[in-house]
Amino acid sequence: MAMPTQATYVVIGAGIHGLSTAWHLAEDLEAKGLGSGADVLVLDKTSIGAGASGIACGVVRNNYFQPAMRELMAQCVEVWESDPKAFSYHPVGYMQISPEGMHEDVGTIYEQQRAIGYESVFIEGADDSAAYMRGIFDDWRAGGITSVLHEKKGGYANNTAALYGLAGKAEAKGVRIMTGVTVTGFKRDHSGGAVTAVETDKGAIACEQVVVAVGPWVAKFWDMLELPKTVNIKGPEGQILADVPMWRYWCLEEGVLGVDPDFQKTNSGGMPPVIHVDCDQPLISDVDGSVITEEMWGIYYKPDFHFNGVQGGAMPYKVERPVDEVAIDPYGPESPEFIVDDDFAHMWCSALAFCQKRFSGQIGKFRKEPSGGLGCFTPDSFPVFDRFCDNVYIIADSNHGYKMIGVGKLVAEELLNGKSRLLEPFRLSRYAEGKLHPTSHSPFPWS
Ligand SMILES: Cc1cc2nc3c(=O)[nH]c(=O)nc-3n(C[C@H](O)[C@H](O)[C@H](O)COP(=O)(O)OP(=O)(O)OC[C@H]3O[C@@H](n4cnc5c(N)ncnc54)[C@H](O)[C@@H]3O)c2cc1C
């Protein structure tokens with residue numbers, strides 16, 4: 001394909017957000033008689049799925065303590081459900097299994113799921129929780145659990161397969177997807193405001209609107225657009241936390257236990273929901289009986305034929321270095337630094353064995369291949385979806401956004417001058433205005 005010199009809409013990044021935006025934009029332009037997919041150009045420096053979307057576990061859940069996240073996730077699940085085959089989506093459901101310290105938080109999630117019509121079951125008390133879990137897996141044995149939230153919707157999608165499904169839908173509407181093109185900067189108008197062209201290593205592309213959906217690379221684009229490196233955050237009592245860095249990296253840790261995926265079937269022989277366990281009991285090594293941690297810990301897992309095993313992860317860790325000193329490239333499994341190590345395997349496999357007897361003694365089957373990757377987090381670890389420099393829409397999310405396939409639909413609506421109530425709580429101005437999302441007792445920074 002010849003390198004274009006002009007496109008009305010340039011979408012940067014061929015991950016879940018860029019591809020979903022491009023597809024929905026093409027559909028909306030056509031439906032409104034304003035143009036077509038031929039007006040939309042997607043650029044990616046490497047390939048479809050070269051970023052976080054291509055390595056994500058692919059879990060799709062509604063379970064968020066923040067009301068705005070839950071409403072948004074319910075909309076995203078509708079998009080997943082609109083074409084499960086094309087998106088390689090498995091609607092097996094999702095379970096949040098929690099200790100007493102999270103009981104109340106999860107109870108409010110359940111109440112609000114009922115309020116928005118999102119089907120779930122809430123089990124309370126240690127005995128009832130254990131009985132419910134043993135009704136699904138007869139070897140369930142996790143201690144310290146006092147509630148189970150079982151979301152009947154959601155589940156997981158096969159990471160790259162879903163992206164190719166999205167790319168196919170976008171291309172069918174006339175969208176051009178060009179890979180191997182690196183965006184290097186932006187040309188701005190005389191006042192230093194709107195972007196007039198996207199500069200790439202293959203030449204400049206004049207444009208009217210830009211969508212930046214570059215996952216963990218967002219801090220680099222933030223700099224290219226000369227946006228502020230810090231924000232002031234207004235706290236609940238009106239106090240100002242000044243000059244908080246806009247970005248920081250966390251490393252997400254995931255891996256695969258190389259057993260037959262059928263190993264994790266339910267008592268009735270079916271495919272189980274995605275399991276997420278948070279726990280406040282000491283985690284004891286399944287290898288040598290040592291104490292791995294006495295802090296609160298959490299894991300998630302699911303049988304997955306795409307990964308050919310039981311795949312999942314644990315809490316991420318914070319990368320303490322300043323953002324500018326963190327090497328994002330090479331990304332994911334190619335990174336020499338941000339991949340899981342033996343400590344992760346030990347912790348995750350021991351936690352699996354803590355939950356279900358069948359996993360005891362299985363650590364030797366942990367796949368010793370590079371996995372995991374960086375996420376670039378905002379100050380509150382929730383996404384920013386907002387317009388900058390007049391005509392640049394930034395979709396800033398790389399830590400829990402694979403499931404957010406519906407965000408592109410809402411962004412497309414906003415690009416065509418609509419306003420999305422669901423995206424409103426995710427503007428950058430929330431920090432200065434003190435309109436913060438509530439925080440939960442989960443050991444994960446994004447729940
Ligand atoms: C290990 C891991 C597991 C995860 N698991 C889950 C999960 O189970 N569920 C969930 O909901 N979320 C999960 N996430 C988070 C989720 O993957 C991300 O939030 C989401 O994929 C971000 O999508 P994106 O489209 O914004 O970015 P990405 O998928 O990262 O895509 C960005 C693209 O931009 C391209 N790009 C970067 N710089 C340039 C440039 N200069 N020029 C051109 N192109 C460029 C890259 O090549 C890349 O393809 C996980 C993340 C990680 C790292």
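Order of listing sets the numbers, starting from 1, for every ligand and every atom in it.
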### Charged N-O contact under 4.0 Å between Arg61 and Glu151
no
### Electrostatic pair Arg114-Glu119, nearest N-O below 4.0 angstrom
no
### Message
Closer than 4.0 Å to some heavy atom of Pro216 - which atoms of ligand 1 meet that?
### Response
30 (O)
### Query
For ligand 1, is there an N or O atom under 3.5 Å from any N or O atom of Thr182?
no
### Message
Could you tell me, atom by atom, which parts of ligand 1 come under 4.0 Å of a heavy atom of Ala50?
### Response
47 (O), 49 (O)
### Query
Based purely on interatomic distance, does Leu374 place a nitrogen or oxygen under 3.5 Å from a nitrogen or oxygen of ligand 1?
no
#### Entry: Protein residue, atom and distance nearest to atom 28 (P) of ligand 1, heavy-atom basis
Ala52 N, 3.6 Å
#### Entry: Residue portion contacting ligand 1 (non-hydrogen atoms closer than 4.0 Å) for Val60
neither
### Message
Looking at Arg427 and Glu414, is any side-chain nitrogen of the basic one under 4.0 Å from a carboxylate oxygen of the acidic one?
### Response
yes
### Task
Verify the ring-centre separation between Trp140 and Tyr132: is it less than 6.0 angstrom?
no
### Query
Using the benzene-type ring in the case of Trp, are the ring centres of Phe354 and Trp348 under 6.0 Å apart?
no
### Query
Among Leu252, Ile339, Thr21, whose heavy atom sits nearest atom 1 (C) of ligand 1?
Leu252
### Task
Taking atom types as modelled, find out whether Thr8 and Glu208 have a side-chain donor-acceptor pair closer than 3.5 angstrom.
no
### Query
Of all the atoms in ligand 1, which lie at a distance below 4.0 Å from a heavy atom belonging to Ser47?
49 (O)
### Query
What do you reckon, does Ile395 have a nitrogen or oxygen under 3.5 Å from a nitrogen or oxygen of ligand 1?
no
### Task
Check whether the side chains of Asp286 and Gln362 place a donor and an acceptor atom closer than 3.5 Å, and report yes or no.
no
#### Entry: Option whose closest heavy atom lies nearest to atom 40 (C) of ligand 1, chosen from Tyr300, Trp217, Phe221
Phe221
### Query
Of all the atoms in ligand 1, which lie at a distance below 4.0 Å from a heavy atom belonging to Lys403?
9 (N), 10 (C), 11 (O)
### Centroid separation Trp80 to Tyr402 less than 6.0 Å
yes
#### Entry: Backbone or side-chain N or O of Gly58 under 3.5 Å from ligand 1 N or O
yes
### Task
Just jot down the ligand 1 atoms closer than 4.0 angstrom to any heavy atom of Gly215, in number order.
26 (O), 27 (O), 30 (O), 32 (C)
### Task
Flag Val214 as yes when one of its N or O atoms lies below 3.5 Å from any N or O atom of ligand 1, and as no otherwise.
no
### Shortest non-hydrogen contact from Ile116 toward Ala74
CD1-CB, 4.1 Å
### Task
Have a look at Cys57, Pro383, Gly15, Gly13 and point out the one with the heavy atom closest to atom 34 (O) of ligand 1.
Gly13
### Summary
When distances are taken from atom 26 (O) of ligand 1, the protein heavy atom at minimum range is His17 CD2, 3.1 Å
#### Entry: Plane angle bin for Phe359 and Tyr301 - parallel if under 30°, tilted between 30 and 60°, otherwise perpendicular
perpendicular
### Task
May I ask you to check if ligand 1 and Gly401 share an N or O to N or O distance below 3.5 Å?
yes
### Query
Who gets closest to atom 21 (O) of ligand 1 by heavy atom: Gly18, Ser53, Ser398?
Ser53
### Query
Does a side-chain N-to-carboxylate-O contact under 4.0 Å join Lys409 and Glu27?
no
### Message
Among Tyr331, Trp250, Tyr402, which one puts a heavy atom closest to atom 13 (C) of ligand 1?
### Response
Tyr402
### Message
One residue to check: Thr184. Relative to ligand 1, which of side chain, backbone, both or neither has a non-hydrogen atom less than 4.0 Å away?
### Response
neither
### Message
Is the ring pair Phe377/Trp250 parallel, tilted or perpendicular, if the boundaries are 30 and 60 degrees?
### Response
parallel
## Note on the structure
So for Ser371 against ligand 1, with non-hydrogen atoms under 4.0 Å, the contacting part is neither
### Task
Might you point out which heavy atoms bring Ala314 and Ile299 nearest each other, and give the distance in Å?
CB-CG2, 4.1 Å
## Note on the structure
Logged contact type for Asn399 with ligand 1, heavy-atom cut-off 4.0 Å, is backbone
